[in-house]
Amino acid sequence: MHIVILGSGRLGSRLANALVQKGHKITIVDAEETKFKNLEEHENIQRVGGNIFNEETADLVFAEPVDVFIAVTGSDNINLMVSQAMQKKYKIPKVLIRVFDPTLSSVYRDLGLETVCPTNFALQEMLKMLEKGV
């Protein structure tokens with residue numbers, strides 16, 4: 001699959017490195033090119049520095065058909081806005097969005113977008129750990 005990842009921080013870089021090892025072609029985009037330092041050197045990882053809201057950057061990123069778009073910047077609003085816009089403009093079949101705010105996560109999930117909320121995940125894991133130890 002061709003997967004585009006927006007955000008090359010800790011999660012985006014680790015995700016790209018893991019997915020390329022599984023045989024996927026990865027395009028990773030970040031406005032701060034210094035964040036590419038944690039990416040492995042691999043022929044199937046394309047790095048694109050720039051702002052995804054810039055039409056030239058977006059057209060470069062989505063020049064080839066994309067199977068999955070994953071937004072994992074540190075901003076819920078950017079992740080949600082970009083995901084909705086790119087999915088609609090480039091007709092991307094699957095979009096995954098990291099959303100820190102549990103309320104926003106459930107609102108967008110209700111609108112049909114697939115969200116992952118680390119806050120909810122951590123909450124559930126901590127509750128499980130406490131239940132085992134109490």
Side-chain angles (χ1 to χ4, degrees):
M1 283 194 290
H2 182 201
I3 300 170
V4 171
I5 300 171
L6 175 65
S8 189
R10 286 180 290 228
L11 178 58
S13 295
R14 293 176 67 101
L15 194 54
N17 292 334
L19 290 169
V20 80
Q21 294 303 320
K22 292 183 178 283
H24 300 289
K25 180 180 178 191
I26 306 301
T27 300
I28 189 160
V29 187
D30 203 299
E32 296 179 44
E33 293 184 35
T34 57
K35 290 188 175 179
F36 294 145
K37 68 183 179 213
N38 293 324
L39 291 171
E40 294 176 5
E41 290 298 324
H42 196 287
E43 65 185 7
N44 284 332
I45 297 178
Q46 177 190 13
R47 297 158 174 81
V48 177
N51 186 333
I52 195 84
F53 288 110
N54 176 304
E55 197 163 319
E56 288 179 21
T57 302
D59 286 346
L60 174 66
V61 169
F62 297 104
E64 296 177 23
V66 171
D67 301 298
V68 181
F69 178 71
I70 303 172
V72 291
T73 74
S75 167
D76 286 355
N77 290 335
I78 289 173
N79 291 341
L80 293 165
M81 288 185 344
V82 168
S83 296
Q84 285 185 304
M86 297 304 133
Q87 183 177 37
K88 186 174 183 176
K89 182 172 183 179
Y90 297 101
K91 307 202 180 323
I92 303 165
K94 187 170 190 76
V95 174
L96 303 175
I97 310 165
R98 176 177 64 184
V99 180
F100 291 104
D101 184 331
T103 305
L104 279 178
S105 180
S106 64
V107 168
Y108 280 89
R109 194 174 323 111
D110 291 346
L111 293 173
L113 296 170
E114 293 186 65
T115 63
V116 175
C117 181
T119 306
N120 285 340
F121 181 76
L123 172 66
Q124 295 305 318
E125 289 301 309
M126 288 179 182
L127 290 174
K128 281 184 204 173
M129 293 167 86
L130 287 172
E131 288 173 4
K132 287 180 185 174
V134 177

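Computed over heavy atoms, backbone and side chain alike; hydrogens, waters and symmetry mates excluded.
With hydrogens and angles ignored, the 3.5 Å screen pairs a side-chain donor or acceptor of D76 with a backbone N or O of D101. Checking side-chain atoms of H42 against main-chain N and O of N44 turns up a donor-acceptor pair under 3.5 Å. For the pair N17 (side chain) and L39 (backbone), a donor-acceptor distance under 3.5 Å is absent. Side chain of N79 to main chain of T73: a donor-acceptor pair is present (N/O by atom type, distance under 3.5 Å, no hydrogens or angles).
Crowding of E56 atom CD: a count of heavy atoms from other residues, nucleotides or ligands under 6.0 Å not exceeding 12.
Placement of I92 and V48 within a single hydrophobic cluster is found when ILVMFWY residues are connected by side-chain heavy-atom separations under 4.5 Å, directly or transitively. A continuous path of Ile, Leu, Val, Met, Phe, Trp and Tyr side chains, each step under 4.5 Å between heavy atoms, connects F69 with V29, placing both in one hydrophobic cluster. Hydrophobic clustering of Ile, Leu, Val, Met, Phe, Trp and Tyr side chains at less than 4.5 Å, counting indirect connections, keeps I52 apart from I45. Using a 4.5 Å cut-off between side-chain heavy atoms of Ile, Leu, Val, Met, Phe, Trp and Tyr, with links allowed through other members, L96 and V20 fall into the same hydrophobic cluster. In this structure, V82 is not a member of the same hydrophobic cluster as I28, with clusters built from ILVMFWY side-chain heavy atoms closer than 4.5 Å.
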Please tabulate, one pair per line, all N/O donor-acceptor pairs under 3.5 Å involving side-chain atoms of residues 3-12, not counting sequence neighbours.
{"residue": "S8", "atom": "OG", "partner": "S13", "partner atom": "OG", "Å": "3.2"}
{"residue": "S8", "atom": "OG", "partner": "K35", "partner atom": "O", "Å": "3.1"}

When the side chains of residues 112-121 are checked against the rest of the protein, which donor-acceptor pairs come out under 3.5 Å, sequence neighbours left out?
{"residue": "E114", "atom": "OE1", "partner": "K94", "partner atom": "NZ", "Å": "3.3"}
{"residue": "E114", "atom": "OE2", "partner": "K94", "partner atom": "NZ", "Å": "2.9"}
{"residue": "T115", "atom": "OG1", "partner": "S105", "partner atom": "O", "Å": "3.4"}
{"residue": "T115", "atom": "OG1", "partner": "S105", "partner atom": "OG", "Å": "2.8"}
{"residue": "T119", "atom": "OG1", "partner": "F100", "partner atom": "O", "Å": "2.7"}

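Summarising the geometry of L80 relative to Y108, their closest heavy-atom pair is CD1-CE1, 3.3 Å, with the distance given to 0.1 Å. For Q87 against P93, the heavy-atom pair with the smallest separation is NE2-O, 4.5 Å.
With R98 as the partner, the side chain to side chain contact (heavy atoms under 4.5 Å, CB included) test is satisfied by one option alone out of V72, L15, I70: V72.
A heavy-atom distance below 4.5 Å is found between the side chains of K89 and E55.
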Exercise for review: With side chain to side chain contact (heavy atoms under 4.5 Å, CB included) as the test, would you mind laying out the steps for D59 and Y90 before giving the verdict?
Suggested key: CA-CA 9 Å; D59 286 346; Y90 297 101; 2.5 Å; yes

Review point. When you look at L104 and N77, which way does the side chain to side chain contact (heavy atoms under 4.5 Å, CB included) test go after all the steps?
Key: CA-CA 9 Å; L104 279 178; N77 290 335; 4.3 Å; yes

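For the atom pair OG1 (T57) and CZ (F62), the distance works out to 11.0 Å, reported to the nearest 0.5 Å. Rounded to the nearest 0.5 Å, atoms CD1 (I26) and CE (M1) are 8.5 Å apart. For the atom pair R14 CZ and E40 CD, the distance stands at 10.5 Å (nearest 0.5 Å). Taken from NZ in K88 to CD in Q84, the straight-line distance is 9.5 Å, to the nearest 0.5 Å.
Residues E131 and K128 are not paired through a salt bridge, judged by the lack of any N-O separation under 4.0 Å between the basic side chain and the carboxylate. Ionic pairing of R47 and E41 is present here: one or more N-O contacts between side-chain nitrogen and carboxylate oxygen are shorter than 4.0 angstrom.
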